[in-house]
Enquirer: 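Have a look at this one.
Proteins come first, then strands; the chains are lettered A, B, ... in the order of their sequence lines, and each starts at number 1. Everything numeric in this text was worked out from a predicted model, so none of it was measured. Every heavy atom of this structure was used, including side-chain atoms; hydrogens, water molecules and symmetry mates were not.
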There are 2 protein chains.
Amino acid sequence: MPPSRATKAPPRQVPAAGSARERLIAAAIATVRYKGFSATSVDEICQAAGVTKGAFFHHFASKEALAVEAAGAWTEIAEQRIFTQPDWTRIPDPLERLLGHIDFRLSMLDGPAEDFTCFVGTMVQESYNSSDPIRAACDASLHAYALRLAEDIQQAIDIYGIASGVSAVSLAFHIQAVLQGAFILAKANGNPVIARDSVMHLKRYVVMLFTQN
Amino acid sequence: MPPSRATKAPPRQVPAAGSARERLIAAAIATVRYKGFSATSVDEICQAAGVTKGAFFHHFASKEALAVEAAGAWTEIAEQRIFTQPDWTRIPDPLERLLGHIDFRLSMLDGPAEDFTCFVGTMVQESYNSSDPIRAACDASLHAYALRLAEDIQQAIDIYGIASGVSAVSLAFHIQAVLQGAFILAKANGNPVIARDSVMHLKRYVVMLFTQN
DNA sequence: TGACACATACCAACTGGTCGGTATGCTTTC
DNA sequence: GAAAGCATACCGACCAGTTGGTATGTGTCA
């Protein structure tokens with residue numbers, strides 16, 4: 001169980017480091033990655049955020065509404081942590097950047113699964129039929145990641161060419177699929193080694209596509 | 001919501017087609033694939049199976065115990081439906097068999113996601129931290145599938161060779177990862193096309209591995 | 001007559017959400 | 001500058017319904 005904030009929130013109306021709303025979103029992301037969306041109660045999210053349900057329902061119309069907002073936040077987190085902050089994002093050569101991206105994802109595959117697996121992948125797995133707003137928000141996040149990645153892939157294709165019949169978007173979604181599937185295997189096995197191995201296959205495949213055309 | 005049995009079960013003690021226990025397992029698999037494990041109540045499983053909770057708890061000590069048994073049943077279903085019954089399982093050439101396998105998985109990617117996605121992959125995604133027995137049962141099922149698949153892959157390697165540094169087991173788990181990841185993308189997108197595309201990448205990769213060594 | 005496979009009634013805890021209230025900050029008016 | 005009114009952020013109690021599970025009863029069969 002993720003450690004929860006047992007102490008009271010800071011005094012009201014004084015903006016804390018991260019407001020209640022932001023802390024609720026962060027708590028939701030952490031708890032859903034740990035145990036899934038349905039098993040995560042509103043009360044539990046509130047405890048982790050250090051507020052009560054009154055605050056929760058002041059900011060969010062429903063548990064579902066929080067989930068949708070959290071999916072949007074997850075897109076922002078990915079944009080910052082994967083596509084902006086790492087040094088490899090500034091490699092000039094797009095193919096090197098793509099391989100750097102995959103190496104980066106590889107290096108993330110360490111420690112407990114809830115620390116490296118995907119919030120929206122986890123949530124849509126169980127909620128896709130129960131809530132169309134949640135499904136659509138997760139899909140939008142996955143799409144945003146893939147389209148962002150496809151930019152680098154297209155640049156690499158423009159310079160190096162790629163195996164016949166492969167598009168940038170197609171390969172970007174395939175990379176997404178491999179990562180999400182690797183996460184499931186790591187969760188089942190309790191060991192990220194199995195996920196790293198699959199991402200090594202992914203890297204090998206990408207290299208093959210760009211060097212044998 | 002999957003259509004449930006509104007009418008009463010057949011008269012007591014008359015063995016129906018599939019006993020209560022088997023119907024409960026089938027109902028659990030169907031409902032969990034539709035909406036995940038935590039959102040699936042014992043009552044809901046009973047309604048789908050046409051029995052009451054008395055029957056449920058006569059056969060299973062707990063909801064968790066049913067989940068573990070259902071994971072075992074899923075392994076058996078995969079063994080029959082994927083590794084035994086299809087015609088391609090009787091192709092003599094192991095590489096052709098492997099590619100037949102992938103084509104078969106490709107052909108399954110049609111219709112609503114709950115009809116082609118993986119029961120144990122879905123369940124472990126959200127339950128891996130909440131129940132170690134469920135996690136282990138799902139892992140065993142995923143392992144059984146991969147090790148079964150690795151048999152064909154090893155035979156193909158023996159005849160044709162494979163790219164350096166690739167093992168049969170490693171490739172088998174990678175195939176598992178791609179399939180599970182493709183399922184998530186299909187659930188999010190609401191369209192299996194995106195999953196088929198990823199499995200096409202998988203097939204291309206497997207062909208590359210066996211023909212460029 | 002006892003074992004088995006159920007059905008029914010019930011239980012305590014939990015759930016998502018509501019509600020009346022409190023504390024504080026901001027704006028307007030005097 | 002003070003007071004009043006309003007808005008905001010949040011608290012904690014409460015609600016109806018649901019939940020996993022338990023206890024007991026019933027019918028059938030060997």
Enquirer: CD of B/Gln47 versus P of C/dA7: gap in Å, rounded?
Expert: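 Between P of C/dA7 and CD of B/Gln47: 12 Å.
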Enquirer: Mind calculating the distance between CZ (A/Arg21) and P (D/dA9) to the nearest angstrom?
Expert: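 Rounded to whole Å, this separation is 10 Å.
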Enquirer: Quick one: A/Asp43 CG to C/dT18 P, roughly how many Å, whole number?
Expert: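 In whole Å, C/dT18 P and A/Asp43 CG are 15 Å from each other.
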Enquirer: For the side chain of A/Ser62, counting heavy atoms from C-beta on, which of C/dC6, D/dC11, C/dG17 is nearest?
Expert: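 Per side-chain heavy atoms of A/Ser62, the pick is C/dG17.
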Enquirer: If you draw the axis of the six-membered ring of B/Phe57, does the NZ or CZ of B/Lys63 fall within 45° of it and under 6.0 Å from the ring centre?
Expert: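 The answer is no; the distance or angle limit is not met.
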Enquirer: Is the ring pair B/Trp88/B/Phe104 parallel, tilted or perpendicular, if the boundaries are 30 and 60 degrees?
Expert: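 Taking B/Phe104 first and then B/Trp88, their aromatic rings sit tilted (interplane angle of 30° to 60°).
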Enquirer: Starting at the 5' end of DNA chain C and moving along, which residue's nearest nucleotide shows up first, A/Ala61 or A/Ala39?
Expert: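 This one resolves to A/Ala39.
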Enquirer: Considering every strand and a 4.0 Å limit on heavy-atom distances, what is the contact class for A/Thr40: base, sugar-phosphate, or nothing?
Expert: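 Result for A/Thr40 = sugar-phosphate.
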Enquirer: Taking atom types as they are modelled, is there a donor-acceptor pair under 3.5 Å from the base of D/dG20 to the side chain of B/Lys63?
Expert: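 Between D/dG20 and B/Lys63, which were checked side chain against base, a qualifying N/O pair under 3.5 Å is absent.
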Enquirer: If you assign A/His58 and A/Lys53 each to the DNA chain D nucleotide with the nearest heavy atom, which residue ends up on the more 5' nucleotide?
Expert: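 This one resolves to A/His58.
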Enquirer: Counting heavy atoms from C-beta on, name the nucleotide in C/dT15, D/dG20, C/dC6 closest to the side chain of B/Val42.
Expert: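 The closest nucleotide is D/dG20.
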Enquirer: In whole Å, I'd like the distance from the NZ atom of B/Lys35 to the C1' atom of D/dT18.
Expert: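 Distance, rounded to whole Å: 12 Å.
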Enquirer: When you measure from the side chain of B/Phe57, which nucleotide among D/dC11, D/dT8, D/dG20 comes out closest?
Expert: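 Out of D/dC11, D/dT8, D/dG20, the nucleotide with an atom closest to B/Phe57's side chain is D/dG20.
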Enquirer: Report the distance from atom CZ of A/Phe56 to atom P of D/dC10, rounded to the nearest whole Å.
Expert: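 It is 13 Å, rounded to the nearest whole Å.
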Enquirer: Closest approach to the side chain of B/His59, judged atom by atom: which nucleotide of D/dG21, C/dG16, C/dC6 is it?
Expert: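 For the B/His59 side chain, the nearest candidate turns out to be C/dC6.
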Enquirer: Salt-bridged, B/Glu126 to A/Lys35, with N to O below 4.0 Å?
Expert: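 No, no charged N to carboxylate O under 4.0 Å.
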Enquirer: What integer distance in Å separates A/Glu64:CD from C/dT15:C1'?
Expert: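 Rounded to the whole Å, the gap is 16 Å.
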Enquirer: Can a side-chain donor-acceptor contact be found between B/Thr122 and B/Lys187 if the only test is distance below 3.5 angstrom?
Expert: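 Note: B/Lys187 and B/Thr122 side chains meet the donor-acceptor criterion.
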Enquirer: For A/Ser131 and A/Glu64, which I'm curious about, is there any donor-acceptor pair between the side chains at under 3.5 Å?
Expert: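 Present: a donor and an acceptor within the cut-off.
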Enquirer: Which of these nucleotides, C/dC6, D/dC11, D/dG21, is closest to any side-chain atom of A/Thr52?
Expert: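 Looking only at side-chain atoms, A/Thr52 lies closest to D/dC11.
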